[in-house]
Amino acid sequence: MSSQPKNAFLVLVDDFTDADALQRRLAMRTAHLAGATKNRERGALVLGGAMLDSHESGKMVGSAIIINAASRDEVLEMLKSDPYTEGRAWNMDTVRIYPFREASF
């Protein structure tokens with residue numbers, strides 16, 4: 001990880017859509033959440049959660065994440081090392097990374 005100042009990034013990434021994609025995601029979920037917990041503890045992960053096809057079915061189809069990092073490249077490195085990427089749940093060809101600023105209310 002870089003020692004540069006951290007910026008927030010909004011990440012949207014779709015899961016693969018083949019018949020086995022959800023099973024791969026579920027198989028990697030414990031490892032993914034363990035890594036997410038470590039990233040949260042060190043201040044890199046602000047929040048994250050599953051994108052759903054609908055509230056009624058609750059089927060997970062991707063993830064929405066807010067990450068603190070020095071650069072887009074640092075965000076990509078975090079995503080590449082995530083169990084969801086390594087286990088072929090996330091389709092990295094669909095990843096969208098946006099600079100993000102939280103609104104002050």
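This is a predicted model, so every value here is computed, not measured.
- Connection of L22 to Y84 is not established within any shared hydrophobic cluster, with ILVMFWY side chains joined at heavy-atom distances below 4.5 Å, either directly or through further cluster members.
- Pairs passing the salt bridge (charged side-chain N to carboxylate O under 4.0 Å, His left out) check and including a residue from residues 96-105, sequence neighbours excluded, read D14-R96.
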So K59 and D53, salt bridge (charged side-chain N to carboxylate O under 4.0 Å, His left out) or not? Walk me through it.
CA-CA 6 Å; K59 180 184 174 198; D53 67 345; 5.3 Å; no

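- If you take CZ on R40 and CG on N68, they are separated by 10.0 Å, rounding to the nearest 0.5 Å.
- Smallest separation of non-hydrogen atoms from L52 and G58: CD2-O, 3.4 Å.
- Of all non-hydrogen atoms in G87 and M28, the two that sit nearest each other are CA-CG, 4.0 Å.
- Salt-bridge check for D18 with R24: passed, with a basic side-chain N closer than 4.0 Å to an acidic carboxylate O.
- Grouping Ile, Leu, Val, Met, Phe, Trp and Tyr residues whose side-chain heavy atoms lie under 4.5 Å apart, directly or via other members, places L10 in a hydrophobic cluster with L12, V46, L47, M51, V61, I66, Y98, F100.
- Ionic pairing of E74 and K6 is present here: one or more N-O contacts between side-chain nitrogen and carboxylate oxygen are shorter than 4.0 angstrom.
- The CD atom of E86 sits 11.5 Å away from the CG atom of L79 when rounded to the nearest 0.5 Å.
- Nearest heavy-atom pair across A69 and V75 is CB-CG2, 3.7 Å.
- For the pair R72 and F9, the cation does not sit on the ring face, since its NZ or CZ is not both under 6.0 Å from the ring centre and inside 45° of the axis.
- Rounding to the nearest 0.5 Å places OG of S63 at 6.0 Å from CG of D15.
- Here N39 contributes atom CG and I67 contributes atom CD1; the two are 7.5 Å apart, rounded to the nearest 0.5 Å.
- Placement of M92 and V11 within a single hydrophobic cluster is found when ILVMFWY residues are connected by side-chain heavy-atom separations under 4.5 Å, directly or transitively.
- Considering only heavy atoms from C-beta on, L33 comes within 4.5 Å of R29 through its side chain.
- The minimum heavy-atom distance linking A50 with M60 is given by the pair CB-CG, 3.5 Å.
- The aromatic rings of H32 and W90 sit perpendicular, their planes meeting at an angle over 60°, well past the 30° parallel limit.
- Rounded to the nearest 0.5 angstrom, I65 CD1 and M78 CE are separated by 8.0 Å.
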